[in-house]
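Data block below; observations after.
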Amino acid sequence: MPAKPPGCPVGPGGRVPSARIADDDLAAEAADFITLYHREELPHQDPAPRIAAVREEIAATGTYRHTTAELTHGARVAWRNSNRCIGRLYWRSLKVRDHRHLDDAESIAREAAIHLRQASNGGRIRPLITVFAPDTPHRPGPRIWNEQLIRYAGYRTPSGSVLGDPRNLGLTELALDLGWAGGPGTPFDVLPLIIADGDGKPRLFELPPESVLEVAIEPPDGPDYRDLALRWHAVPAIANMCLEIGGVSYAAAPFNGWYMGTEIGARNLADVDRYDLLPRIAERLGLNTADDRSLWRDRALVELNRAVLHSFDRAGVTVADHHTESRRFLAHIDRERAHGREVTADWAWIVPPISGAATPVFHRTYDATEHRPAYVHHPDAEARARGEWAG
Ligand code: ARG
């Protein structure tokens with residue numbers, strides 16, 4: 001009996017990283033998924049023959065292969081099951097690129113760049129996932145170490161401050177250790193992709209600039225931000241979460257939707273441990289930053305978020321605002337209920353980081369049960385995204 005590769009550990013079911021999934025567990029998870037797939041997609045077809053075939057394949061090979069239709073539905077349902085995501089109304093529109101035949105780092109880097117171009121779509125962002133080779137009993141699949149396909153470098157300066165995104169300090173250091181020459185030295189230098197084949201050795205791949213659509217951030221009115229030269233990338237493409245379908249782990253499966261403005265304006269550019277821009281925006285607005293009760297942070301937040309929405313709109317790049325997206329989420333709950341499904345959600349992640357109670361998603365509670373298929377965080381992947389590597 002071949003040994004099993006590590007499953008995705010912290011998803012529903014809570015496996016530990018080193019745990020090898022037993023044939024029986026795999027067969028049970030497979031049967032659950034095949035049953036769900038048939039119920040939702042092939043309601044007039046008996047799932048039993050497919051389940052029997054999968055069991056045989058598992059007994060013979062230690063794993064099984066999803067059909068492209070199963071993979072597609074699995075990836076969509078994993079989105080539907082993402083309790084932290086407010087944007088799930090469109091889960092059925094996720095386009096799935098089936099690239100399971102690719103397991104080498106070069107091909108993955110090349111296809112990741114193509115993914116970004118297709119997802120960017122000239123500004124009309126398309127929800128997209130590219131699925132690369134899964135783990136097999138004989139060999140782990142490839143891994144993308146970057147947290148997202150597009151991340152900005154964070155450089156430690158001699159004075160001890162950080163140039164760029166402090167979140168990516170570790171990954172930046174690792175890239176430099178692996179031989180990256182560094183970017184031009186702006187606060188928004190795009191990091192190279194760091195990808196490992198099944199052998200686990202990370203290698204660097206520069207993203208072609210034409211794959212990285214970005215938006216310059218400028219306010220619609222009032223004092224300009226020209227000297228700050230703010231920008232953000234158009235496509236949030238999560239690259240290090242593991243897609244878990246019916247017991248099979250697709251650890252290299254980058255996926256994206258479109259941004260909600262607050263992710264950029266109220267978190268990435270505003271958090272004290274990220275770009276920490278509120279003091280500088282407040283200064284431009286002439287606010288008294290010595291007095292908390294002037295609400296300078298709050299006023300700066302609103303202006304920065306107006307600037308993000310205005311800039312994406314002006315550039316013709318899809319971006320959601322938190323009021324619209326909140327209403328859509330409630331529509332999603334209604335629509336799912338009409339299909340006999342209860343939406344699960346994590347309140348702390350669903351409620352937007354500004355004006356929470358001014359949106360309807362605030363005024364209710366949610367069942368936070370986790371279902372599969374799912375996109376799960378792998379602790380090893382998080383360590384890699386922090387640049388931790390004992391190689
Ligand atoms: N919050 C993350 C970021 O700011 C992206 C997470 C996914 N967001 C999305 N809209 N699909 O980069």
Side-chain angles (χ1 to χ4, degrees), residues 1-83 88 91-92 94 96-101 103 129 131-141 241-253 255 336-337 339-344 367-378:
M1 192 57 50
K4 295 293 187 297
C8 297
V10 241
R15 269 191 243 118
V16 293
S18 57
R20 307 210 163 224
I21 175 167
D23 276 4
D24 285 351
D25 294 343
L26 176 56
E29 288 187 35
D32 281 353
F33 169 66
I34 301 295
T35 304
L36 172 144
Y37 169 67
H38 277 252
R39 187 172 62 237
E40 298 188 354
E41 294 294 292
L42 303 169
H44 304 297
Q45 199 174 306
D46 178 7
R50 174 63 178 142
I51 292 173
V54 164
R55 274 185 198 286
E56 268 175 43
E57 197 179 337
I58 292 171
T61 68
T63 186
Y64 71 104
R65 200 183 140 77
H66 290 127
T67 64
T68 295
E70 287 165 357
L71 178 72
T72 299
H73 193 63
R76 289 176 178 163
V77 173
W79 183 8
R80 187 177 85 199
N81 286 338
S82 297
N83 286 357
R88 287 179 268 166
W91 66 271
R92 274 197 167 275
L94 179 67
V96 180
R97 299 172 77 221
D98 182 359
H99 282 356
R100 286 175 290 169
H101 57 288
D103 65 358
I129 181 168
V131 183
F132 296 110
D135 289 346
T136 73
H138 314 286
R139 188 178 146 93
M241 286 182 86
C242 184
L243 168 57
E244 237 262 0
I245 304 174
V248 176
S249 296
Y250 300 97
F255 61 87
E336 286 297 305
R337 193 167 289 151
H339 285 93
R341 293 186 292 261
E342 231 13 75
V343 169
T344 56
D367 170 7
T369 309
E370 295 185 350
H371 294 295
R372 292 184 177 199
Y375 296 99
V376 301
H377 276 291
H378 196 303

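Each residue takes its place number in the sequence, starting with 1.
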Which pair of heavy atoms, one from [X] and one from [Y], lies closest together, and at what distance?
X      : Y      : result
Ala69  : Tyr37  : CB-OH, 3.2 Å
Pro49  : Asp46  : CD-O, 3.2 Å
Val54  : Ala30  : CG1-CB, 3.7 Å
Ala75  : Ile245 : N-CD1, 3.7 Å
Asn83  : Ala368 : ND2-O, 3.2 Å
Ala133 : Asp103 : CB-CB, 3.5 Å

With heavy-atom distances below 4.5 Å as the criterion, would you say the side chains of [X] and [Y] are in contact?
X      : Y      : result
Arg50  : Arg55  : no
Tyr64  : Leu26  : yes
Ile21  : Glu29  : yes
Pro373 : Asn81  : yes
Trp79  : Ile129 : no
His73  : Leu36  : yes

Measure the CZ-CH2 distance between Arg76 and Trp91 for me, rounded to the nearest 0.5 Å.
8.0 Å
Separation between CZ (Arg65) and CG (Leu71), nearest 0.5 Å, reads 9.0 Å
Member of Thr67, Thr72, Thr68 meeting the side-chain hydrogen bond (donor to acceptor under 3.5 Å, both in side chains) criterion with Asp98:
Thr68
One thing to verify: whether Arg80 and Glu40 come together as a salt bridge, which I'm taking to mean a side-chain N less than 4.0 angstrom from a carboxylate O.
yes
Glu244 and Arg372 ion-paired at < 4.0 Å
yes
Under 6.0 Å from the NE2 atom of His339, do we count more than 12 heavy atoms belonging to anything else shown?
no
For Glu41, I'd like to know if atom CD has over 12 heavy atoms of other residues, nucleotides or ligands within 6.0 Å.
yes
Go through it in stages, so that I can follow the logic: the residues are Val376 and Glu370, the test is side chain to side chain contact (heavy atoms under 4.5 Å, CB included), and I'd like the CA-CA distance, side-chain angles, deciding distance and then a yes or no.
CA-CA 10 Å; Val376 301; Glu370 295 185 350; over 6 Å; no
Go through the structure and list residues passing ring-ring contact (aromatic ring centres under 6.0 Å, His included) with His38, not counting sequence neighbours.
none
Please identify each residue that fulfils salt bridge (Lys or Arg N to Asp or Glu O under 4.0 Å) with Asp32, with sequence neighbours left out.
none
His138 backbone acceptor or donor facing Thr136 side chain under 3.5 Å
yes
Can you check whether Thr369's main-chain N or O pairs, donor with acceptor, with Thr344's side chain at less than 3.5 Å?
yes
Verdict with supporting geometry, Leu243 and Phe255, side chain to side chain contact (heavy atoms under 4.5 Å, CB included)
CA-CA 10 Å; Leu243 168 57; Phe255 61 87; over 6 Å; no
Just say parallel, tilted or perpendicular for the rings of Phe33 and His66, cut-offs at 30° and 60°.
perpendicular
